[in-house]
Amino acid sequence: MTVVEADKDVRGRPDAQPGATAPLLQVEDLHTQFHTSRGIVRAVEGVSFSVDRGEVVAIVGESGSGKSVTALSIMRLLPRLTGKIPQGRVTFDGRNLLDLDDEQMREIRGRDISMIFQEPMTSLNPILTIGLQIKEPLQIHLGMSDDEAQARAIELLNLVGITDPERRLDQYPHQFSGGMRQRVMIAIGLACNPKLIIADEPTTALDVTIQAQILELMKNLSRKLNIALIIITHNLGVVARYADRVIVMYAARVAEQGPAEQLFHKPRHPYTMGLLRSVPRLDHPRGSKLETIEGLPPNLANVSTACRFAPRCPFRIPVCEQEPPLYPTDTGSLSRCHRHAEIAEGKITWSSLGGVGLNFAANTEAPVLSVRHLTKHFSVSGGLRGASGTVRAVEDVSFDIYPGETLGLVGESGCGKTTVGRLILRLEEPSAGEIHFEGVNLSTGSAAELKAMRRKVQVIFQDPYSSLNPRMTVGQIIGEPLHVYKIVSGRKQNEERVADLLENVGLRPEMAERYPHQLSGGQRQRVGIARALAMEPSFIVCDEAVSALDVSIQGQIINLLEELQRKFRLAYLFIAHDLAVVRHISARVVVMYFGRVMEIADRDVIYGGSLHPYTKVLLDAAPVPDPTIEKQREPRLIKGELPSHLAPPTGCVFNTRCPLASQECREVIPPLEEKRPGHFAACIKV
Amino acid sequence: MLRYSINRVLLMIPTLLGVAVLVFFLLRIVPGDIVEIKLRGDGGTVTQETIELERKRLGLDRPLINQFGTWMVGMATLDFGDSMWTERPVVTEIAGRLELSLQVAIMATLIAILLAIPMGTAAALFRDSWIDYTVRLITIGGLSIPSFWFGMLIMLTLLGLFNWLPPITFTPIYVDPVANLTQLIWPALAVGYRYCAVVARMIRSSLLEVMNEDYIRTARAKGVYEKLVVSRHALRNALLPAITVIGLEFTFLIGGLVVTEQVFNLNGIGQLFVQSVSRNDFTLIQGMVMLIAAFYVFVNLAIDLLYAVFDPRIRYNS
Ligand SMILES: Nc1ncnc2c1ncn2[C@@H]1O[C@H](COP(=O)(O)OP(=O)(O)OP(=O)(O)O)[C@@H](O)[C@H]1O
Ligand code: SF4
Ligand code: SF4
Ligand SMILES: [Mg+2]
């Protein structure tokens with residue numbers, strides 16, 4: 001440490017003892033506010049935590065709880081005009097970052113602390129080469145010559161597992177896949193050997209198999225180079241696998257923080273307890289109903305002085321009218337709950353919800369929907385270069401869905417899941433194959449039959465916001481199809497039916513007056529469901545219907561979907577990439593890869609005794625929220641990325657990444673065979 | 001890239017053909033006759049016979065389709081015909097004036113770009129400060145003040161302050177650069193003002209947008225100097241949409257020139273256009289319209305190619 005830094009430290013914090021024992025980063029009583037036209041948003045209030053050298057700390061919490069703002073405050077990257085830090089101190093390596101001038105802070109960014117952002121697709125500059133973007137911090141902070149920087153950049157790309165780095169350095173971001181861009185971001189983060197890396201949702205935008213590779217890489221590198229890591233995420237599985245310590249944020253404050261093992265096994269705050277119970281889990285037997293935290297987080301522009309979790313807390317007592325401080329607990333954690341001691345003694349627990357389990361009876365009826373040899377090819381033509389080809393988005397897909405049943409459809413992005421959904425909805429014409437809905441062939445059916453089918457097949461989309469017309473009220477959105485399809489007659493009846501539908505999806509009838517932007521994400525998704533229900537469908541395609549929602553809200557929507565299924569005997573095609581969610585809701589599961597079906601079987605068979613190597617890899621890549629299990633696990637086995645659609649692999653499409661692949665796999669396309677009764681797989685080795 | 005450029009050049013042929021058909025037949029539909037104007041314009045009395053003879057001599061008596069054919073064949077061999085009024089080749093007529101107009105146009109463009117980039121950048125970086133408000137005021141002026149009015153304002157100011165009047169004759173830049181520049185800087189300023197305003201506003205708004213992009217945050221998080229963040233990371237991206245505007249506005253300059261040349265008493269393409277239209281000089285009008293159309297198409301091509309040079313996503317699109 002230089003003399004100047006030591007001086008500064010003495011001046012800034014006389015009582016501090018800089019040295020090896022002091023934590024690398026110490027955040028104390030941090031307050032961050034945004035001065036917006038609609039008032040002051042207190043995004044972070046009184047947050048304190050510390051990070052030791054080489055330690056991995058995770059910050060979890062719902063969307064809007066202040067995780068990113070905490071990170072940006074440490075980096076002092078808040079929006080200049082609106083973002084303010086009125087109070088607090090951030091001591092990094094003996095210096096209070098909040099006292100530094102802009103130039104001193106700039107020197108620290110990228111050299112001592114680097115940051116990796118959530119969106120790999122937009123976080124790199126599209127018109128500068130990857131090489132320039134990696135070399136930039138090397139030249140700025142370390143004063144390297146161009147040759148030195150080039151050599152170091154090649155070394156870094158090798159380190160993060162990008163092959164052929166010399167050539168890659170001259171390429172531009174759009175020539176890299178999402179996973180590779182995130183590797184480049186990590187390379188940039190590592191460039192100057194920082195002491196701390198802050199990764200804000202580093203893998204949220206990536207597929208599970210890529211997520212596993214990236215996180216593994218980050219963890220190995222941080223261990224090897226003794227770099228401290230702050231991982232911000234909402235995925236509890238990721239936290240369990242990688243974090244030493246966990247900070248749970250709720251509504252701008254720390255709700256609980258402590259060692260990962262303790263926090264997962266002995267949570268001492270009702271919110272943490274609820275969070276852990278509301279995620280569907282691959283490592284637990286499937287519960288009959290997901291337990292949820294009801295309600296919504298408070299609005300940060302105006303919060304009460306009571307415990308912030310009180311409106312959603314089942315253990316609320318009169319004393320909760322006063323906001324609790326952070327109490328030390330028996331587990332060595334800190335908990336912002338008056339009743340932490342009672343929780344520790346086991347006096348209060350979340351009541352088990354029990355509920356009616358879904359009974360999957362044998363399917364003796366005729367299927368509602370059956371799909372045979374469905375194929376969709378898109379022809380693509382390039383721009384200036386004029387390269388063109390065929391994308392085989394869906395190839396020879398067959399399955400049945402029975403009344404009242406949920407069929408899960410899982411796979412990585414780009415595997416054709418959504419296209420299958422669109423083909424069934426007739427938003428896309430199949431290139432080949434047939435779709436039968438309630439016995440009618442959709443490509444040969446009469447106009448009247450097709451019209452009836454359009455009503456009975458509905459869809460719920462991923463993004464609840466963009467799928468609702470912003471200029472219509474909720475009532476109009478739900479009421480419009482009722483009117484168009486003449487399901488009810490007259491205004492009065494229409495209103496009654498809308499109120500009825502809103503009640504079915506757990507919204508108050510007054511909501512009919514609101515506009516979509518006045519609703520939360522979960523509420524919008526409920527409106528989307530109500531709109532689908534209005535048509536009295538028998539079959540609904542749910543395309544990533546809960547993927548954009550927070551854990552606690554996601555559980556509420558899944559429960560709603562199950563309840564409606566029982567009530568109206570709906571069949572669902574549930575398309576999702578989250579394996580645990582699919583497992584929870586589905587009776588049978590289809591696994592797709594690169595346009596083809598790899599495996600179809602009953603849910604418990606897929607999750608308990610899958611045959612196909614791809615399914616195994618997929619399940620292996622998904623971390624479960626249990627640090628004990630996760631820390632004992634072998635490193636992931638999946639390698640590589642999705643092949644290009646313009647140069648598809650010959651033979652089995654999975655052979656470029658399959659751990660069992662042999663020469664034969666490159667020659668024959670394995671057919672989807674019934675390996676055991678009701679269990680289909682497309683692999684020659686099983 | 002090369003194949004793409006060749007394709008684009010070949011695509012120009014049908015576009016220009018369309019323009020040719022349109023201008024040729026539109027001109028014949030519009031009432032007015034060059035021979036009438038030429039021979040009877042100043043109140044002279046000429047017999048109908050003389051007029052018929054003159055029409056015959058100019059080939060105006062032939063069927064339209066024949067006239068069109070002759071014109072097209074001529075153009076294919078780069079012969080644009082003779083002006084019906086002066087009877088000198090169209091090419092000669094235009095060439096004599098093109099130099100001046102082109103120089104004004106290029107100077108206007110340079111002024112516009114050189115002023116617009118710093119103005120737009122400063123306004124975006126110091127958003128809502130007095131700098132921003134000043135730039136916004138200036139640019140709103142540029143959009144709302146017609147260029148001829150602004151030109152006259154300049155003229156009157158120069159006359160009032162320095163007793164300066166625009167010279168009657170044009171001095172080419174290679175003859176006397178100082179005389180040339182003092183003569184042309186003012187009209188260039190007059191037409192360049194609007195141009196500059198449009199480009200500056202474009203740069204301001206696209207820079208504001210770019211500064212909110214994730215990759216700017218990444219650059220800052222890397223500890224890149226703020227100056228470099230702006231010049232290397234932000235401005236380059238923000239200039240992409242500005243290129244389109246610069247190109248489009250360049251072609252619009254012609255319109256501004258028509259009036260400004262009158263104001264500054266410049267004998268350029270603009271004046272030639274006005275003259276030839278008032279005389280119904282078909283061949284000359286046709287020649288000039290074709291020139292402007294070709295120019296327009298070329299500028300568009302240049303924009304696209306420039307875009308590809310600046311934006312790797314277009315260059316490597318596969
Ligand atoms: N630039 C800004 N101006 C005003 N308010 C902001 C700004 N950035 C964030 N906020 C508010 O600050 C609060 C905390 O936001 P933050 O981005 O830290 O949440 P988060 O925990 O990272 O959520 P997510 O999981 O969605 O990333 C939110 O209420 C958000 O609306
Ligand atoms: S303080 Fe009260 S309301 Fe808040 S979390 Fe604890 S029990 Fe619930
Ligand atoms: S066929 Fe071969 S490559 Fe394909 S999944 Fe089976 S073992 Fe792997
Ligand atoms: Mg965030």
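- Heavy-atom contacts from other residues, nucleotides or ligands closer than 6.0 Å to CZ of B:F25 number more than 12.
- Rounding to the nearest 0.5 angstrom, the gap separating the CZ atom in B:R220 from the CZ atom in A:R76 is 12.5 Å.
- For A:Q133, the parts lying near chain B are the backbone and the side chain together; criterion is any non-hydrogen pair under 4.5 Å.
- Heavy atoms of B:L228 lying under 4.5 Å from chain A belong exclusively to its side chain.
- When all heavy atoms of B:N237 and A:P126 are compared, the closest pair comes out as OD1-CG, 3.7 Å.
- Atom CD of B:E209 sits in a sparse spot, with 12 or fewer heavy atoms from other residues, nucleotides or ligands closer than 6.0 Å.
- B:K222 has its side chain out of reach of A:S114: every pair of non-hydrogen atoms, C-beta onward, lies at least 4.5 Å apart.
- In this structure, the side chains of A:E136 and B:R232 come closer than 4.5 Å at one or more pairs of heavy atoms.
- Residues of residues 103-123 of chain B never come closer than 4.5 Å to chain A when only heavy atoms are counted.
- Proximity of a side-chain donor or acceptor of B:T218 to a complementary backbone N or O of A:S123 within less than 3.5 Å is detected.
- Of the two parts of B:Y225, the backbone and the side chain both hold a non-hydrogen atom closer than 4.5 Å to a non-hydrogen atom of chain A.
- Remark: A:R80 engages B:E226 in a salt bridge, criterion side-chain N to carboxylate O under 4.0 Å.
- A donor-acceptor distance shorter than 3.5 angstrom exists from the side chain of A:N125 to the backbone of B:H233, with no hydrogens or angles considered.
- Counting heavy atoms from C-beta outward, A:Y172 and B:R313 have side chains that stay 4.5 Å or more apart.
- Taken to the nearest 0.5 Å, the OH atom of B:Y215 stands 7.0 Å off from the CD1 atom of A:I127.
- Using a 4.5 Å heavy-atom cutoff, the side chains of B:R236 and A:L128 are in contact.
- Crowding of B:F68 atom CZ: a count of heavy atoms from other residues, nucleotides or ligands under 6.0 Å exceeding 12.
- For A:R109 (side chain) and B:A221 (main-chain N/O), no donor-acceptor pair under 3.5 Å exists by modelled atom type.
- In this structure, chain B has a heavy atom under 4.5 Å from the side chain of A:M185, while its backbone stays farther away.
- The two residues A:I140 and B:V224 have their closest heavy-atom pair at CD1-CA, 3.7 Å.
- More than 12 heavy atoms of other residues, nucleotides or ligands lie within 6.0 Å of CZ in A:F378, so this atom counts as buried by the packing criterion.
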